[in-house]
Amino acid sequence: MPRTPIVPASLKENYDTLHYAPATRAGDMVYTSGVIAALKEGEEGTDEQYAAAVDEALTQIDMILKEAGGSMDDVVDITSYHINMMSNLFAMARIKDKWMPEPYPSLTAIGVAELYDPLGFVEIRVSAYIPQ
């Protein structure tokens with residue numbers, strides 16, 4: 001099955017320099033790379049700060065899915081990788097529900113030691129069914 005990279009113009013530099021696609025289409029499935037939700041320098045990690053960062057990450061994922069011809073409505077699976085999971089999981093869940101109402105996609109949340117961005121607290125990747 002052929003694979004097609006999904007590379008929105010705003011993320012082309014990552015594709016060219018870091019050599020990864022923001023998403024890859026394989027048939028009717030689109031798989032995104034992880035998008036990190038990170039606090040801003042000086043933020044303490046309040047529930048609202050976590051929620052704003054997750055919303056920003058999901059906005060980027062939505063932009064990637066739109067480039068593939070779909071939307072967040074097409075997400076069938078979410079995997080999230082958390083640092084200090086219990087400090088931010090509920091903020092993530094609340095914002096996720098804003099983007100993905102019922103029927104909810106499957107979700108796997110995994111605790112990890114660190115992320116690429118030192119201010120990051122969760123990395124989110126999704127799989128979406130977007131027929132060609």
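Being a predicted model, the structure only gives us computed values, none of them experimental.
When side chains are defined from C-beta on, I61 counts as touching I124, because their heavy atoms get closer than 4.5 Å. Side-chain atoms of Q60 and L11, non-hydrogen and from C-beta on, do get closer than 4.5 Å to each other. Between V76 and M29 there is a side-chain heavy-atom pair separated by less than 4.5 Å. The shortest distance between side-chain heavy atoms of T79 and I110 falls below 4.5 Å. Inter-residue side-chain proximity for K40 and L119 is flagged as unmet; no heavy-atom pair is nearer than 4.5 Å. Between E123 and H82 there is no side-chain heavy-atom pair separated by less than 4.5 Å. Looking at S71 and L65, their side chains never come closer than 4.5 Å, going by heavy atoms from C-beta outward.
Shown here is N84, whose CG atom has no more than 12 heavy atoms of other residues, nucleotides or ligands within 6.0 Å. Atom CD of E56 has 12 or fewer heavy atoms from other residues, nucleotides or ligands within 6.0 Å. With a 6.0 Å radius and a threshold of 12 heavy atoms from other residues, nucleotides or ligands, Q132 has its CD atom above the threshold.
Hydrophobic clustering of Ile, Leu, Val, Met, Phe, Trp and Tyr side chains at less than 4.5 Å, counting indirect connections, keeps Y104 apart from V75. Cluster annotation: M72 and V122 are assigned to the same hydrophobic cluster (Ile/Leu/Val/Met/Phe/Trp/Tyr, side-chain heavy-atom contacts under 4.5 Å, transitive). Both I36 and V112 belong to a common hydrophobic cluster when Ile, Leu, Val, Met, Phe, Trp and Tyr are linked at side-chain heavy-atom distances under 4.5 angstrom. Under the 4.5 Å side-chain heavy-atom criterion for grouping Ile, Leu, Val, Met, Phe, Trp and Tyr, L107 is not connected to I83 through any hydrophobic cluster. Both V35 and V126 are part of a single hydrophobic cluster, where members link through side-chain heavy atoms under 4.5 Å apart.
Closest of all the heavy-atom pairs between A21 and S33 is O-OG, 2.6 Å. Scanning both residues, L58 and K96, for their nearest heavy atoms gives CD1-CA, 3.9 Å. Listed here is the closest heavy atom pair of G27 and R25: O-NH1, 3.0 Å. Scanning all heavy atoms of the two residues, the minimum distance from V7 to Y15 falls at CG2-CD1, 3.7 Å. For the residue pair A38 and D117, the shortest heavy atom distance occurs at CB-OD2, 3.5 Å. Considering every non-hydrogen atom in both P131 and D28, the closest pair reads CA-OD1, 3.4 Å.
A donor-acceptor contact shorter than 3.5 Å is absent between the side chain of T108 and the backbone of S80. Side chain of E43 to main chain of L39: no donor-acceptor pair is present (N/O by atom type, distance under 3.5 Å, no hydrogens or angles).
In this structure, the ring of Y50 has its center less than 6.0 angstrom from the ring center of F121.
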Could you give me the CA-CA distance, side-chain angles and deciding distance for T17 and H19, then say whether side chain to side chain donor-acceptor pair (under 3.5 Å) is met?
CA-CA 6 Å; T17 60; H19 302 151; over 6 Å; no
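Each of I78, D62, D74, D73 was compared with M100 under the side-chain contact (heavy atoms from CB on, under 4.5 Å) criterion, and only I78 meets it.
Note: L18 CG to E13 CD = 8.0 Å, rounded to the nearest 0.5 Å. Rounding to the nearest 0.5 Å places CD of E67 at 9.5 Å from CD1 of I64.
Using a 4.0 Å cut-off between charged nitrogen and carboxylate oxygen, R125 and D77 do not count as a salt-bridge pair.
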